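Structure first, commentary second.
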Amino acid sequence: AGHRKQRRKHQHKANCHRHELDVDFSEVGWNEWIVAPPGYHAFYCHGVCPFPLADHLNSTNHAIVQTLVNSVNSNIPRACCVPTELSPISLLYLDEYEKVILKNYQDMIVEGCGCR
Amino acid sequence: GAAGLIPEVGRRKYSESGKQSPEQSENFLNEFELRLLNMFGLKRRPNPSRQAVVPQYMVDLYRMHSVNGDHSTKRPRSMGRHAERAASKANTIRSFHHEESMEALASLKGRTTQQFFFNLTSIPGEELITSAELRVYRDQVLGVTAAPTSNTSYNSSNSSNTNTSTSVGGIHRINVYEVFGAPASPRGEPLTRLLDTRLVQDSLSRWESFDVSPAVSQWSSGGSHNHGFMVEVFHPDTQGVEDAQRQSRHVRVSRSLHEDQDSWPQARPLLVTYSHDGRGNAVLHRDKRQA
């Protein structure tokens with residue numbers, strides 16, 4: 001429990017960055033109609049945007065100012081850790097009429113995270 | 001999760017979280033469900049039967065074109081150049097099998113014609129068709145060897161042309177027409193216009209791809225009514241109806257023209273449409289396009 005608490009504390013303090021998220025379509029029951037792929041690496045963004053914001057946190061001018069204000073007034077929240085670059089995936093699936101479709105879906109994979 | 005796209009576990013967890021009244025929870029979940037369906041361009045959750053067939057060509061296209069696919073896969077030999085170009089502009093590729101109950105087969109004087117109807121009503125109105133190909137499978141005719149090209153007057157099987165001088169044995173012509181009107185008399189022929197044509201050798205087994213973009217674009221945009229296609233297999237050196245039918249069996253335009261029923265689902269004609277809904281990039285891989 002102590003180790004878990006320590007790890008949680010460490011995770012809580014971790015700066016904003018990209019984390020692994022493997023989506024398995026069978027887990028959500030979509031493998032019945034999605035032919036390929038069986039799943040994909042989606043990733044997600046998580047972490048804090050601390051004051052002062054470092055360069056690698058890929059922040060906007062607004063996020064820098066918001067973080068600065070948060071440092072003096074905690075009523076104003078910190079900037080959010082969000083996807084800043086996304087990429088598409090192609091899905092081969094059967095639609096509701098049993099027609100086979102290959103379609104490119106945009107913004108399905110997180111390529112980069114940042115404070116916004 | 002059988003009824004919708006949200007897994008039952010997720011639904012239950014949200015409902016039991018106590019953040020909302022049961023009615024509100026249900027409304028929020030239903031709204032989210034609609035967003036998911038809209039994201040995929042679906043009206044309801046697909047529930048394909050066991051008989052649903054995924055054409056191998058679509059799997060090949062997925063492997064070849066998809067951003068997450070196997071990029072070592074080469075372009076299928078039978079894929080027309082126009083189809084490859086079309087795929088580089090489209091973000092959606094759809095495949096259709098014809099309605100077998102509406103097919104009409106006829107054989108006369110050395111030629112076999114087959115009428116196909118493809119139900120394209122599932123293509124959303126906002127999708128712009130950039131191209132379409134009709135694919136027909138030909139089995140090799142055993143005992144027939146490729147005719148030497150130096151002594152013949154036909155063009156390459158890869159090139160479309162309108163020359164109808166087909167005088168060489170082991171060669172036949174496939175014509176693809178758009179049907180744009182019913183026959184004037186009950187025994188008459190439908191009104192058609194030629195979309196694509198090709199001379200092919202009996203000695204090769206392969207898919208033939210025909211460009212049917214003009215017709216499908218018109219049907220999709222509402223410019224003309226979808227009466228289907230007519231495929232004509234023409235053998236210049238056959239003697240009669242039976243001879244024509246025997247020769248036509250290796251062109252798999254109809255279930256009734258060949259005996260191997262098991263292979264029919266993967267050998268039957270296939271209409272492939274390439275379209276773009278205005279959202280996102282083409283199916284073609286970014287790196288390939290850059291290259």
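Reminder, nothing fancy here: chain letters follow the sequence lines and each chain counts from 1. Only this structure's heavy atoms are used, side chains among them; waters, hydrogens and symmetry mates stay out. All values reported here derive from a predicted model rather than from experimental measurement.
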Could you give the distance from OH (Y62(B)) to CG (L91(A)), rounded to the nearest 0.5 Å?
7.5 Å
From NE2 (H276(B)) to CG (N104(A)), nearest 0.5 Å
8.0 Å
Contact part of V53(B) toward chain A, heavy-atom cut-off under 4.5 Å: side chain, backbone, both or neither?
backbone
Pairs of heavy atoms under 4.5 Å with chain B: top-ranked of E98(A), K103(A), H41(A), E96(A)
E96(A)
Need one label for Q106(A): side chain, backbone, both or neither, based on atoms under 4.5 Å from any heavy atom in chain B.
side chain
Please determine whether side-chain contact (heavy atoms from CB on, under 4.5 Å) holds for the pair Y274(B) and L102(A), giving the CA-CA distance in whole Å, both sets of side-chain angles, and the decisive distance to 0.1 Å.
CA-CA 10 Å; Y274(B) 300 83; L102(A) 171 59; over 6 Å; no
Give the minimum heavy-atom separation between K99(A) and S122(B), together with the two atoms involved.
CG-OG, 3.9 Å
Does R45(B) make a cation-pi contact with Y93(A), if we ask for NZ or CZ under 6.0 Å from the ring centre and within 45° of the axis?
no
Residue T273(B) versus chain A: region with a heavy atom under 4.5 Å:
neither
Against chain A, label L36(B) side chain, backbone, both or neither, depending on which of its atoms sit under 4.5 Å from a heavy atom there.
side chain
Whether W33(A) side chain and P48(B) backbone form a donor-acceptor pair below 3.5 Å
no
Could you walk me through whether W30(A) and F40(B) pass side-chain contact (heavy atoms from CB on, under 4.5 Å), step by step?
CA-CA 12 Å; W30(A) 292 3; F40(B) 284 110; 3.4 Å; yes
What's the shortest heavy-atom distance between V100(A) and M58(B), and which atoms?
O-CE, 3.6 Å
Check step by step if side-chain contact (heavy atoms from CB on, under 4.5 Å) holds for D95(A) and R94(B).
CA-CA 10 Å; D95(A) 71 3; R94(B) 296 173 184 271; 4.2 Å; yes
Take I101(A) and I93(B) through the test side-chain contact (heavy atoms from CB on, under 4.5 Å) and record every step on the way to the result.
CA-CA 6 Å; I101(A) 300 172; I93(B) 305 176; over 6 Å; no
